[in-house]
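Being a predicted model, the structure only gives us computed values, none of them experimental.
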Amino acid sequence: MEKRFAGKVALVTGATRGMGRATAVRLAAEGAVVAVNQRPEGDPSTTLRLIKEAGGEGFPVVADMRNPGQVIEMVQETARQGGRLDYLVSNAGINPFMEWDKTTVEDWDLLSETNLRGTWVVTTEAAKQMIKEGHGGAIVCISSISAHVGAPSQSAYCATKGGISMWAKAFGAVVGGNGIRVNAIEPGWIKTDMAAPLTDDPVALKYYEERVALHRGGEPEEIASAAAFLLSDDASYITSATLLVDAGFIVNAEL
C-alpha cells in the first residue's frame, strides 16, 4: 500500500471498534503513526495488533470524550509521544436509539456531551496544536446521514450529528488560513456493532436494503478509505465540505 502518510502522526478517537478501528488501521498501513484513543475502561489491544499486522505503528491514548480535561490531555499526549500532530479523525460517538418521548434530560446531555461537545473540544485542541507546530494539518469529523434524515428513534442523535456537520463547515472556514483543512463524513448504514439494532431487526434490515442503492450495508473500511482521502494531499483543495458515504440511501429515501 502507498505510504501517503509516512512521517505523519494521526489521532483517531473511538478507535477500539468499528469505523474508528478501521480508520486507525488504514492510516497506519499508509505510514502514519496512529494514536489510538480509548475510554479509561477501554481496550486498545485489538486495534494495536491489527496496526502492527498491517506493518504500521501505533500507541494508546486515553480519554472519555465527555471529559474535556481528558480530551485536552490526550491531544497533548499524542503530540508528545508522536513528536507532532498532523491529522485528527474525530470519530467517537454514541447512538442509544431512544424514542423522543422516552429521552430524558440526562440522555440528552450524555449524547450532546459525547458527540457534539466532544467533537468541539478535540477539534479545537488539535487545531491549536497544529497551529503551534506551524505545518498545517487536516481534520475529519465523522457525522452521519442522520444530520439530514430524521429518525423517530434517533431524534436527539440526529441533532448532535447535524451540529457536527455544521461545526466542520464553520471551523474549516476559521482555521483555513492556518493551512488546516476540516471536513465531515456522513456515513449511511455501516455494518458495525452500533448499527446492530438495525441489522438485527428483520423489518428494519429490509427497509434499509431496499432503500440503499447498492442494496447492502457499508463496511467500516469503506469509511476509512473516505477518511484517508480527505486527510491526504489528494484532497488538498477540499475544506468545509461534507462527504456523503451512504450508497445512495438519501436519494432513494426521497424518491
Side-chain angles (χ1 to χ4, degrees), residues 5 8-28 32-48 50-51 56-82 84-95 110-130 137-144 147 157 160-161 163-165 167-168 171 180-187 190 192-194 220-221 223-224 226-228 230-231:
F5 306 125
K8 306 295 187 181
V9 175
L11 168 61
V12 181
T13 67
T16 60
R17 63 177 187 167
M19 295 182 289
R21 173 183 290 168
T23 301
V25 174
R26 174 61 180 267
L27 299 182
V33 176
V34 180
V36 175
N37 161 246
Q38 76 208 53
R39 289 184 293 184
E41 69 276 16
D43 180 5
S45 60
T46 299
T47 303
L48 292 171
L50 292 172
I51 284 174
E57 297 180 53
F59 57 88
V61 287
V62 177
D64 185 326
M65 299 307 292
R66 296 171 297 177
N67 187 317
Q70 290 183 10
V71 173
I72 293 169
E73 174 59 29
M74 173 183 65
V75 172
Q76 296 172 349
E77 180 62 20
T78 298
R80 281 195 294 267
Q81 285 203 52
R84 58 189 289 146
L85 177 61
D86 301 277
Y87 308 123
L88 165 68
V89 179
S90 179
N91 163 78
I94 60 172
N95 183 6
L110 176 63
L111 268 165
S112 61
E113 288 170 8
T114 304
N115 295 359
L116 187 53
R117 191 182 70 185
T119 296
W120 169 64
V121 175
V122 75
T123 54
T124 55
E125 289 304 314
K128 289 175 186 177
Q129 181 65 36
M130 293 171 184
I139 295 171
V140 170
C141 300
I142 303 300
S143 181
S144 170
Y157 174 79
T160 65
K161 290 300 183 175
I164 288 171
S165 291
W167 169 249
F171 197 45
I180 300 170
R181 296 183 298 104
V182 185
N183 295 292
I185 293 174
E186 296 175 337
I190 307 299
T192 66
D193 57 350
M194 188 180 290
E221 290 75 17
I223 300 302
L230 287 174
L231 293 175

Q: Kindly indicate whether the side chain of V33, heavy atoms from C-beta on, has any atom under 4.5 Å from the side chain of F59.
A: yes

Q: May I have the step-by-step check of side-chain contact (heavy atoms from CB on, under 4.5 Å) for R80 and E73, ending in yes or no?
A: CA-CA 10 Å; R80 281 195 294 267; E73 174 59 29; 2.4 Å; yes

Q: Could you check if a side-chain atom of R66 sits within less than 4.5 angstrom of a side-chain atom of L110, using non-hydrogen atoms only?
A: yes

Q. Counting only heavy atoms not in R117, do more than 12 fall under 6.0 Å of its CZ?
A. yes

Q: With the side chain counted from C-beta on, respond yes when V182 and T123 share a heavy-atom pair under 4.5 Å apart, and no when they do not.
A: no

Q) Taking the side chain as C-beta and beyond, is there a heavy-atom pair between P68 and E125 under 4.5 Å? A) no

Q | Rounded distance (nearest 0.5 Å) linking atom CG of N91 with atom CE of M65 | A | 9.5 Å

Q | E77 side, atom CD; L11 side, atom CG - distance, nearest 0.5 Å | A | 11.0 Å

Q.
When you compare the side chain of K8 with that of R84, does any pair of heavy atoms fall below 4.5 Å?
A. yes

Q) Does L111 offer a backbone N or O that forms a donor-acceptor pair with the side chain of T114 under 3.5 Å? A) no

Q) Short question: side chain of N115, backbone of I94 - any donor-acceptor pair under 3.5 Å? A) yes

Q.
For A138 versus L231, what's the shortest heavy-atom pair and its separation?
A. O-CD2, 3.6 Å

Q) Do T192 and M19 pass the side-chain contact (heavy atoms from CB on, under 4.5 Å) test, and can you show the C-alpha distance, the side-chain angles, and the key distance before you say yes or no? A) CA-CA 7 Å; T192 66; M19 295 182 289; 4.2 Å; yes

Q) Taking only residues two or more places apart in sequence or in another chain, which ones pass ring pair (Phe, Tyr, Trp, His ring centres under 6.0 Å) with Y157? A) none

Q: Evaluate the side-chain hydrogen bond (donor to acceptor under 3.5 Å, both in side chains) criterion for residues T119 and W167: first the C-alpha distance (whole Å), next the side-chain angles of each, then the deciding distance (0.1 Å), finally the verdict.
A: CA-CA 9 Å; T119 296; W167 169 249; over 6 Å; no

**Q.** Working for side-chain contact (heavy atoms from CB on, under 4.5 Å), residues L27 and V89
**A.** CA-CA 10 Å; L27 299 182; V89 179; 4.2 Å; yes

Q: Could you tell me whether the side chain of D86 and the main chain of G137 form a donor-acceptor pair under 3.5 Å?
A: no

Q) Under 3.5 Å, side chain of N37 to main-chain N/O of G14, donor-acceptor pair present? A) yes

Q: Quick one: closest heavy-atom pair of A24 and V12, and the distance?
A: CA-CG2, 4.1 Å

Q: For I164 and C141, work out which heavy atoms get closest and say how close.
A: CG2-CB, 3.8 Å

(Q) I'd like to know if the side chain of R21 and the backbone of T16 have a donor-acceptor N/O pair within less than 3.5 Å. (A) yes

(Q) With a 4.5 Å cut-off on side-chain heavy atoms, are N183 and I185 touching? (A) no

Q: Please say whether more than 12 non-hydrogen atoms of neighbouring residues, nucleotides or ligands are located less than 6.0 Å from CD in E57.
A: no

**Q.** Atom pair CZ (R39) and OG1 (T13), whose distance is rounded to the nearest 0.5 Å
**A.** 11.5 Å

Q) Are the side chains of M130 and I139 in touch, meaning some heavy atoms are under 4.5 Å apart? A) yes

Q | Value rounded to 0.5 Å, distance of CG in L88 from CD in Q129 | A | 12.0 Å

(Q) Please find the pair of heavy atoms, one from A227 and one from T23, that lie closest to each other, and give the distance. (A) CB-CG2, 4.1 Å

Q) If every non-hydrogen atom of A184 is compared with every non-hydrogen atom of A168, which pair is closest and at what distance? A) CB-CB, 3.8 Å

Q: Go through V140 and Y87 one step at a time and tell me if the side-chain contact (heavy atoms from CB on, under 4.5 Å) criterion holds.
A: CA-CA 8 Å; V140 170; Y87 308 123; over 6 Å; no

Q) Under 4.5 Å between any side-chain heavy atoms of M74 and V122, yes or no? A) yes

Q | Short side-chain to backbone donor-acceptor contact, T78 and A35, under 3.5 Å | A | no

(Q) Looking at every non-hydrogen atom in both residues, tell me the closest pair between L48 and P60 and how far apart they are. (A) CD1-CD, 4.0 Å

